[in-house]
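Right, one structure below, let's go through it.
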Amino acid sequence: MSFKIIPKKDIIPEFDHQEIKLKHISYYPNDEEYEEDEITEEVISKILKEIPEGIEIYLSLIPYGEDDWLEVVCDGEWLSLAYMSEEEYCCYNADFPDTYNADFSDTEKWSPLTSGGQSPIEKCFAIQDIEAGIKAVEYFIRTGELYPGIDWAVYQ
């Protein structure tokens, strides 16, 4: 299986730190959900604070959260971000962006993280820089785009 690396950029474009592009938030496995009118600065702050404590959440750009979502999985030590869109059906074996960890590019070791509570995530698709991961999540929430300040991998 091969993938293309989208390397991080040194310059992060400016963005509005008050804008909210999300339309749906879904926690896994407890099914706590927020719809567009319920997604407030308080909810966003709560999510960003929970990431280093451990979280599995889906952040969607469309109502009901069925497509265009970023899966955020973190156990406090490892963090994985995976994006799925309607144009690019995304699972861990399709064309879509995943966080990328070059330190584990030549191994098939598994992180302690699982996607959807069941699919193991390889260490090469999980990062340990939790602060960068938090920035990536906020960037997605605010812009609806992938954070250019971390490496991403796209299967080919």
Side-chain angles (χ1 to χ4, degrees), residues 1-13 15 17 21-22 24-34 43-62 65-156:
M1 189 178 318
S2 66
F3 47 87
K4 175 178 83 171
I5 306 304
I6 302 168
K8 71 179 181 177
K9 296 180 180 170
D10 293 330
I11 299 173
I12 309 302
F15 63 96
H17 289 269
K21 295 285 188 175
L22 294 183
H24 184 87
I25 297 171
S26 179
Y27 278 83
Y28 182 87
N30 67 4
D31 294 329
E32 182 180 352
E33 294 185 321
Y34 297 91
V43 170
I44 292 168
S45 178
K46 172 186 165 201
I47 289 167
L48 297 176
K49 287 179 183 171
E50 287 177 352
I51 291 172
E53 298 168 8
I55 195 170
E56 186 162 350
I57 194 166
Y58 299 89
L59 308 172
S60 180
L61 301 174
I62 64 168
E66 295 173 359
D67 286 308
D68 291 331
W69 47 257
L70 182 72
E71 178 188 44
V72 181
V73 183
C74 184
D75 68 358
E77 183 179 339
W78 291 91
L79 181 136
S80 176
L81 304 174
Y83 179 70
M84 193 283 288
S85 74
E86 189 173 336
E87 293 87 36
E88 301 174 31
Y89 177 73
C90 301
C91 62
Y92 282 90
N93 296 315
D95 295 334
F96 74 104
D98 255 327
T99 45
Y100 179 69
N101 187 337
D103 292 342
F104 294 94
S105 63
D106 294 333
T107 67
E108 291 186 13
K109 294 183 178 181
W110 300 101
S111 76
L113 304 176
T114 58
S115 173
Q118 61 185 6
S119 300
I121 298 171
E122 288 183 68
K123 286 184 175 181
C124 66
F125 301 119
I127 60 175
Q128 292 183 288
D129 185 346
I130 304 300
E131 286 302 315
I134 292 169
K135 289 177 185 177
V137 171
E138 181 179 15
Y139 191 85
F140 184 80
I141 290 169
R142 305 292 183 188
T143 68
E145 299 173 1
L146 298 177
Y147 182 62
I150 60 174
D151 294 331
W152 295 89
V154 179
Y155 285 100
Q156 298 181 322

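- Taking the side chain as every heavy atom from C-beta outward, L61 and L22 approach each other to under 4.5 Å.
- Residues W78 and Q128 are in side-chain contact: their nearest non-hydrogen atoms beyond the backbone lie under 4.5 Å apart.
- Interatomic distance, E77 CD to I130 CD1, rounded to the nearest 0.5 Å: 8.0 Å.
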Run the side chain to side chain contact (heavy atoms under 4.5 Å, CB included) test on D68 and S85 for me, step by step, so that the C-alpha distance in whole Å, both residues' side-chain angles and the decisive distance to 0.1 Å come before the verdict. CA-CA 4 Å; D68 291 331; S85 74; 2.9 Å; yes
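- With contacts defined as side-chain heavy-atom distances shorter than 4.5 Å, the pair I57/Y28 does not qualify.
- What you find for S80 and L113 is that their closest heavy atoms are N-CD1, 3.7 Å.
- The number of heavy atoms from other shown groups lying within 6.0 Å of CD (E32) is above 12.
- Residues A136 and I150 share a closest heavy-atom pair of CB-CD1, 4.0 Å.
- Here the closest non-hydrogen pair linking G133 and L81 is O-CD1, 4.4 Å.
- Counting non-hydrogen atoms of neighbouring residues, nucleotides and ligands closer than 6.0 angstrom, the CG atom of D10 reaches no more than 12 such neighbours.
- Note that OG1 of T114 and CG of D75 are 9.5 Å apart. Values are rounded to the nearest 0.5 Å.
- The shortest non-hydrogen separation linking P13 to P148 is CD-CG, 3.7 Å.
- Between M84 and D67, some side-chain heavy-atom pair lies under the 4.5 Å cut-off.
- Judged by distance alone, the side chain of T99 and the main-chain N or O of F125 form a donor-acceptor pair under 3.5 Å.
- Heavy-atom contacts from other residues, nucleotides or ligands closer than 6.0 Å to NZ of K46 number more than 12.
- Residues that satisfy the salt bridge (Lys or Arg N to Asp or Glu O under 4.0 Å) test with E131, not counting sequence neighbours, are absent from this structure.
- Closest approach of E33 to S26, counting heavy atoms only: OE2-OG, 3.7 Å.
- Using a 4.5 Å cut-off on side-chain heavy atoms (C-beta onward), P7 and D151 make contact.
- A 4.5 Å side-chain heavy-atom check between F15 and K21 finds every atom pair outside the cut-off.
- C124 SG to K109 NZ: the interatomic distance, rounded to the nearest 0.5 Å, is 12.0 Å.
- There is no side-chain donor-acceptor pair under 3.5 Å between D98 and Y83.
- Listed here is the closest heavy atom pair of S60 and E66: OG-N, 4.4 Å.
- Side-chain atoms of E122 never come within 3.5 Å of backbone atoms of F104 as a donor-acceptor pair (strictly under, hydrogens ignored).
- A 4.5 Å side-chain heavy-atom check between L146 and L70 finds at least one atom pair inside the cut-off.
- Under the 4.5 Å side-chain criterion, counting only non-hydrogen atoms from C-beta, I6 is not in contact with Y100.
- Atom-to-atom distance recorded for Y27:OH and Y34:OH is 5.5 Å, nearest 0.5 angstrom.
- For E138, the salt bridge (Lys or Arg N to Asp or Glu O under 4.0 Å) partners are R142, not counting sequence neighbours.
- Judged purely by atom type and a 3.5 angstrom limit, S111 uses its side chain to pair as donor or acceptor with the backbone of I121.
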Before you tell me yes or no, could you show the steps for L48 and V137 under side chain to side chain contact (heavy atoms under 4.5 Å, CB included), namely the whole-Å CA-CA distance, both residues' side-chain angles and the distance that decides it to 0.1 Å? CA-CA 8 Å; L48 297 176; V137 171; 3.9 Å; yes
